[in-house]
Amino acid sequence: MSTTLASAEIRAFQRELIAWFARVKRDLPWRRTRDPYAIWISEAMLQQTRVETVIDYWRRFLARFPNAAALADAREEDVLGSWSGLGYYRRARNLHAAALAIRERHGGVFPRDPELVRELPGIGRYTAGAVLSIAFDAPEPLVDGNVARVFARLFELEAPLGSKELERELWSLAERLVPARGAGDWNQALMELGATLCAPKKPRCDACPLARRCRALAAGSVETLPRPKARRASVEVELEVLCVERDGAWLFVRRPSDGRMAGMLELPTIEVAAAGRERLHPIAHAAGVELRASEPLVQVRHTITHHRIRAQAFVGRTARRALPEPYEWHASSRLGELPLTGLTKKVLRALRS
DNA sequence: GAACCGTGGAC
DNA sequence: TGTCCAAGGTT
């Protein structure tokens with residue numbers, strides 16, 4: 001079942017939504033540039049991440065890596081350091097790899113050809129459409145979570161999020177609706193509507209410029225669309241964390257180069273359930289660390305995807321300066337530059353207060 | 001196609 | 001407190 005759209009209807013959608021966007025659009029820092037590199041970075045950061053969180057990260061990242069050449073010249077370690085705390089760290093690795101590809105394949109210039117853009121690591125159909133339409137005003141469609149919600153309601157699409165059927169219909173609508181000129185504004189207007197009025201909960205239909213055309217509003221199904229996809233239940237995990245400071249440096253462990261939080265640094269950590277009675281002692285022993293007290297110094301709660309974490313941090317001491325892999329010492333004055341995991345940042349923050 | 005990948009904030 | 005969610009991409 002596919003939605004039909006008359007061309008007069010399409011023009012009306014475009015006119016009304018773009019006029020609304022021109023009136024109410026938020027003043028976001030990446031909206032003050034047409035630099036495809038800067039816009040690309042914002043799009044990568046905004047994936048599954050809130051605007052308020054991204055703003056500071058984007059400013060710092062652009063100051064440190066102002067263009068694709070600078071990013072290509074950087075060490076991956078430093079790119080991860082700038083990303084530390086944002087999550088989904090593969091995005092940072094992909095950015096760095098894509099910057100290298102732009103240098104090698106495109107002379108350091110962000111490509112304009114959609115097929116070439118799509119070949120860059122970490123850039124899928126959405127991000128390609130976003131950068132090309134916003135930076136170059138290319139008539140490329142896009143569908144993100146906002147657009148999916150807006151379309152599902154406007155056209156009363158019943159297929160569940162993530163289903164093949166809904167995906168096909170959403171992209172078909174996006175292709176038919178995107179204007180030949182002003183695609184960047186149109187795409188951003190759709191997302192802005194989803195982010196500010198057509199919200200997941202308690203949408204503000206009273207203020208919506210498209211309310212008159214919304215099938216779900218007419219049918220009273222706005223709150224039930226789009227149909228959510230099933231979610232995995234979350235699991236409780238108990239961790240113990242080892243805090244060792246010596247000569248103004250902290251003891252960290254380098255995570256493996258693949259899997260969760262690949263290549264990041266964290267405080268030595270063990271899962272209580274997997275540790276048996278020995279608890280922290282195995283890693284403490286490996287690092288020659290002596291636990292100073294049996295009582296945790298701080299307790300921290302954290303969530304990672306479908307895990308709910310309760311972490312207790314213990315303080316230890318060691319006489320050893322040189323340690324085998326994966327242990328590393330890092331000066332406490334440089335913690336802000338390191339690719340630390342979110343949990344580790346949280347523990348260190350708690351220790352300091 | 002489903003699972004995986006992080007985090008902080010709203011309610 | 002638990003749950004849901006936010007400008008997705010990769011495997």
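In what follows, every chain begins at residue 1, and chains take the letters A, B, ... in the order their sequences are listed.
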- Message: Measuring from the side chain of A:Ala195 (C-beta onward, heavy atoms only), which nucleotide among C:dT11, C:dT3, C:dA7 has the closest atom?
- Response: C:dA7
- Message: Tell me the interatomic distance from A:Asp56, atom CG, to B:dG8, atom P, rounded to whole angstroms.
- Response: 13 Å
- Rounded off to whole Å, could you give me the CZ-to-C1' distance for the A:Arg231 and C:dG2 pair? 13 Å
- Please give, in whole Å, the distance from C:dA6 C1' to A:Leu161 CG? 13 Å
- Query: Reckon A:His302 has a side-chain N or O less than 4.0 Å from the OP1 or OP2 of B:dG6?
  - Reply: no
- Task: With heavy atoms under 4.0 Å as the rule, sort A:Pro228 into base, sugar-phosphate or nothing.
- Result: nothing
- Message: Taking the minimum atom-to-atom distance to the side chain of A:Arg91, which one of B:dT7, B:dG6, C:dA7 wins?
- Response: B:dG6
- Query: Within this structure, what is the CG-to-P distance between A:Leu142 and C:dG9, rounded to whole angstrom?
  - Reply: 10 Å
- Item | Selection from B:dT7, C:dC4, C:dA7 that lies nearest to any side-chain heavy atom of A:Leu46 | C:dA7
- Of the nucleotides B:dC5, B:dG1, C:dA6, which one has an atom closest to the side chain of A:Lys164? B:dG1
- Query: With respect to the phosphate group of C:dA6, does any side-chain polar atom (N or O) of A:Arg149 fall under 4.0 Å of OP1 or OP2?
  - Reply: yes
- Taking atom CZ of A:Arg26 as the centre, report whether more than 12 heavy atoms of other residues, nucleotides or ligands fall under 6.0 Å from it. yes
- Message: So, OP1 or OP2 of C:dG8: does either fall under 4.0 Å of a side-chain N or O from A:Gln48?
- Response: yes
- Message: Would you measure the distance from the C1' atom in B:dC5 across to the matching atom in C:dC5 and give it in whole Å?
- Response: 16 Å
- Answer with base, sugar-phosphate or nothing: what part of the nucleic acid does A:Leu28 contact at a heavy-atom distance below 4.0 Å? base
- Message: Assess whether a salt bridge exists between A:Glu169 and A:Lys164, defined as any Lys/Arg side-chain N lying under 4.0 Å from an Asp/Glu carboxylate O.
- Response: no
- CZ of A:Arg349 versus P of B:dT7: gap in Å, rounded? 11 Å
- Is the shortest distance from a Lys or Arg side-chain nitrogen in A:Glu76 or A:Arg93 to a carboxylate oxygen in the other one below 4.0 Å? yes
- Mind calculating the distance between CG (A:Leu80) and P (B:dG6) to the nearest angstrom? 10 Å
- Of the nucleotides C:dA7, B:dT7, C:dG8, which has the atom closest to the A:Tyr89 side chain? B:dT7
- Take A:Glu236 and A:Arg310 through the salt bridge (Lys or Arg N to Asp or Glu O under 4.0 Å) test and state the conclusion after the steps. CA-CA 8 Å; A:Glu236 190 97 17; A:Arg310 288 182 313 166; 3.5 Å; yes
- Query: Between A:Arg213 and A:Glu16, is there a salt bridge with N-O shorter than 4.0 Å?
  - Reply: yes
- Note on the structure: Here the distance between atom C1' of B:dT7 and atom NZ of A:Lys345, to the nearest Å, is 11 Å
- Query: Toward the 5' end of DNA chain B, which comes first, A:Ala262 or A:Ser163, by nearest nucleotide?
  - Reply: A:Ser163
- Query: DNA chain C: A:Ile123 or A:Trp30, which has the more 5' nearest nucleotide?
  - Reply: A:Trp30
Nucleotide N/O of nucleotides 9-11 of chain B paired with protein N/O under 3.5 Å:
none

- Could you check A:Gly162 against A:Leu340 and say which one's nearest nucleotide on DNA chain B is further toward the 5' end? A:Gly162
- Task: Step by step, work out the salt bridge (Lys or Arg N to Asp or Glu O under 4.0 Å) result for A:Glu328 and A:Arg255.
- Result: CA-CA 11 Å; A:Glu328 300 180 16; A:Arg255 292 183 62 88; over 6 Å; no
- Query: Looking for any heavy atom pair under 4.0 Å, which part of the strands does A:Arg310 touch: base, sugar-phosphate only, or nothing?
  - Reply: nothing
- Where the side chain of A:Thr127 is defined as all heavy atoms beyond and including C-beta, which of B:dT7, C:dG8, C:dA6 is the nearest nucleotide? C:dG8
- Task: Calculate the interatomic distance between A:Arg301 atom CZ and B:dG8 atom C1'; express it in whole Å.
- Result: 15 Å
- For the pair A:Glu266 and A:Arg260, find out whether any cationic side-chain nitrogen is under 4.0 Å from an anionic carboxylate oxygen. no
- Item | Derivation and outcome, salt bridge (Lys or Arg N to Asp or Glu O under 4.0 Å), residues A:Arg34 and A:Asp137 | CA-CA 10 Å; A:Arg34 297 294 294 272; A:Asp137 205 30; 5.4 Å; no
- Query: With respect to the side chain of A:Gln47, which nucleotide from C:dA7, B:dT7, C:dG8 is positioned closest?
  - Reply: C:dG8
- Could you tell me whether A:Met261 contacts a base, only the sugar-phosphate backbone, or nothing, with contacts defined as non-hydrogen atoms closer than 4.0 Å? sugar-phosphate
- For A:Arg103, what residues pass the salt bridge (Lys or Arg N to Asp or Glu O under 4.0 Å) criterion, not counting sequence neighbours? A:Asp73
- Item | Among B:dG6, B:dG8, C:dA7, the one nearest A:Tyr126 by side-chain distance | C:dA7
- Query: P atom, B:dC11 versus C:dA7: distance in rounded Å?
  - Reply: 15 Å
